[in-house]
Protein chains: 2
Amino acid sequence: MRELHHPPRECLELTQVLHALSDPIRLCIVRQLAVSEALACGTFCETAPKSTMSHHFKVLRLAGVIQQRSEGTSCFNTLRRCDLDARFPGLLDAIVRENVATCGDSLWETEEQ
Amino acid sequence: MRELHHPPRECLELTQVLHALSDPIRLCIVRQLAVSEALACGTFCETAPKSTMSHHFKVLRLAGVIQQRSEGTSCFNTLRRCDLDARFPGLLDAIVRENVATCGDSLWETEEQ
DNA sequence: TCCGTTGTTCTAAAAATATCGAACAATGCG
DNA sequence: CGCATTGTTCGATATTTTTAGAACAACGGA
């Protein structure tokens with residue numbers, strides 16, 4: 001398969017990383033990768049069609065968030081945790097660790113703001 | 001001046017916050033706010049015209065990143081640090097603390113990835 | 001009251017993104 | 001080889017986002 005471009009660590013840009021992570025599908029991908037080793041694209045059972053998922057993987061790769069490696073007909077994805085931690089310490093942890101609850105839950109008292 | 005809507009803490013969404021922070025101008029605003037108290041919109045000497053800046057402040061406010069308060073003819077902005085830290089621990093620190101250098105600097109040895 | 005300052009809203013246009021079907025490429029198996 | 005599997009690329013469309021000028025609103029000072 002064709003060579004896949006991965007930006008070197010020192011070229012990662014925070015704005016691009018944040019943009020890559022600001023999509024629900026991509027955020028979901030990153031969180032799954034955070035708790036497992038290399039996963040093939042096909043193992044992410046999103047409802048989106050393949051071409052859409054392929055697009056999202058590409059965005060993540062070009063932003064430097066994931067590493068993609070072909071093996072057979074599969075494409076295995078891993079988080080570039082070392083590079084991300086080196087460039088943006090604490091960012092990945094903060095994003096992966098996030099509380100699962102969203103709007104509607106009352107886990108946090110609504111203080112005056 | 002008109003009431004400005006601020007989403008309550010429990011309604012903040014990570015994807016929206018990340019998107020708000022993924023723009024260079026907005027990221028710059030947030031970083032300035034992180035190291036100072038309330039700043040009026042006009043104190044951010046970006047080259048962009050007022051209407052563009054106003055748009056960016058609105059994006060930050062609606063994502064729950066900043067609090068805006070009118071005073072006289074000025075509009076003072078503050079980071080919603082407490083809410084952000086409560087909902088997304090470590091995120092703000094990671095984003096504000098980021099290394100200043102960008103592509104081209106050799107502060108990090110490029111390891112194999 | 002007249003004016004300058006500060007910032008928002010409206011509007012339009014441009015640019016960037018997202019979505020997804022169809023065609024294609026690479027691989028491996030029988 | 002024939003074929004299914006896995007994923008990419010292309011092309012078109014739709015949606016979102018960004019930018020910015022112009023008009024407007026609120027406020028304060030002279």
Side-chain angles (χ1 to χ4, degrees), chain A residues 1-7 13-30 32-33 36-78, chain B residues 1-7 13-30 32-33 36-78:
Chain A
M1 203 170 267
R2 160 113 102 294
E3 292 304 305
L4 295 173
H5 177 251
H6 291 81
E13 289 193 21
L14 181 57
T15 50
Q16 283 182 43
V17 170
L18 294 176
H19 171 257
L21 295 169
S22 72
D23 179 274
I25 292 182
R26 294 196 292 260
L27 184 58
C28 185
I29 290 172
V30 168
Q32 288 187 247
L33 289 177
S36 50
E37 281 314 300
L39 288 178
C41 294
T43 61
F44 299 85
C45 52
E46 302 289 336
T47 53
K50 286 191 303 177
S51 58
T52 297
M53 293 302 286
S54 188
H55 162 73
H56 287 307
F57 282 110
K58 189 176 185 179
V59 171
L60 286 170
R61 172 169 53 77
L62 294 181
V65 177
I66 65 171
Q67 167 84 220
Q68 293 192 287
R69 163 181 51 87
S70 295
E71 196 160 310
T73 60
S74 297
C75 178
F76 286 95
N77 303 274
T78 50
Chain B
M1 203 172 267
R2 165 113 104 291
E3 292 304 303
L4 295 173
H5 177 249
H6 291 82
E13 290 194 20
L14 181 56
T15 50
Q16 282 183 42
V17 171
L18 293 176
H19 171 257
L21 295 169
S22 72
D23 178 274
I25 292 182
R26 294 194 294 260
L27 184 56
C28 186
I29 291 172
V30 168
Q32 289 186 246
L33 288 177
S36 49
E37 282 314 301
L39 288 177
C41 294
T43 62
F44 299 86
C45 52
E46 301 288 338
T47 55
K50 286 188 306 177
S51 59
T52 298
M53 293 303 287
S54 187
H55 161 73
H56 287 308
F57 282 111
K58 190 176 185 179
V59 171
L60 286 170
R61 173 170 53 80
L62 293 181
V65 177
I66 65 172
Q67 166 85 220
Q68 294 193 286
R69 164 180 52 86
S70 294
E71 195 160 312
T73 60
S74 297
C75 177
F76 286 95
N77 303 275
T78 50

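Values below: all heavy atoms of this structure, side chains included; hydrogens, waters and symmetry mates excluded. The sequence lines fix the lettering, A, B, ..., with proteins before strands; numbering per chain opens at 1.
Of the residues near DNA chain C, R61(B) and E71(A), the one whose nearest nucleotide (by heavy atom distance) lies more toward the 5' end is R61(B).
Nucleotide dT17(D) holds its P atom 11 Å from the CG atom of D23(A), rounded to whole Å. Rounded to a whole Å, the CG atom of L4(B) is 13 Å from the C1' atom of dA25(D). Rounded to whole angstrom, the span from the CG atom of L62(A) across to the P atom of dT17(C) amounts to 11 Å. Here the C1' atom of nucleotide dT17(C) and the CG atom of L18(A) are 17 Å apart, to the nearest Å. Between the CD1 atom of I29(A) and the P atom of dG7(D) there is a distance of 12 Å, given to the nearest Å.
Between L21(A) and T15(B), the shortest heavy-atom distance links the atoms O-CG2, 4.5 Å.
Every residue two or more places apart in sequence or in another chain was checked for a ring pair (Phe, Tyr, Trp, His ring centres under 6.0 Å) with F76(A), and none qualifies.
Across residues 51-60 of chain A, S51(A), T52(A), H55(A), H56(A) each have a non-hydrogen atom less than 4.0 Å from an atom of DNA chain C (numbered order).
Distance from the side chain of H19(B) is smallest to dT17(D) among dT17(D), dC20(C), dT8(D). Looking at the side chain of K50(A), the nearest of the listed nucleotides dT8(D), dG7(D), dT6(C) is dG7(D). Residue R26(A) places its side chain closer to dA18(C) than to any other of dA18(C), dG7(D), dC27(D).
Taken from CD in Q67(B) to CG in L33(B), the straight-line distance is 11.5 Å, to the nearest 0.5 Å. Between atom NE2 of residue H56(B) and atom CD1 of residue I66(B) there is a gap of 12.0 Å, rounded to the nearest 0.5 Å. Taking CG of L60(A) as the start and CG of N77(A) as the end, the distance is 8.5 Å to the nearest 0.5 Å. Rounding to the nearest 0.5 Å gives a distance of 5.5 Å between NE2 of H6(B) and CD of Q68(B).
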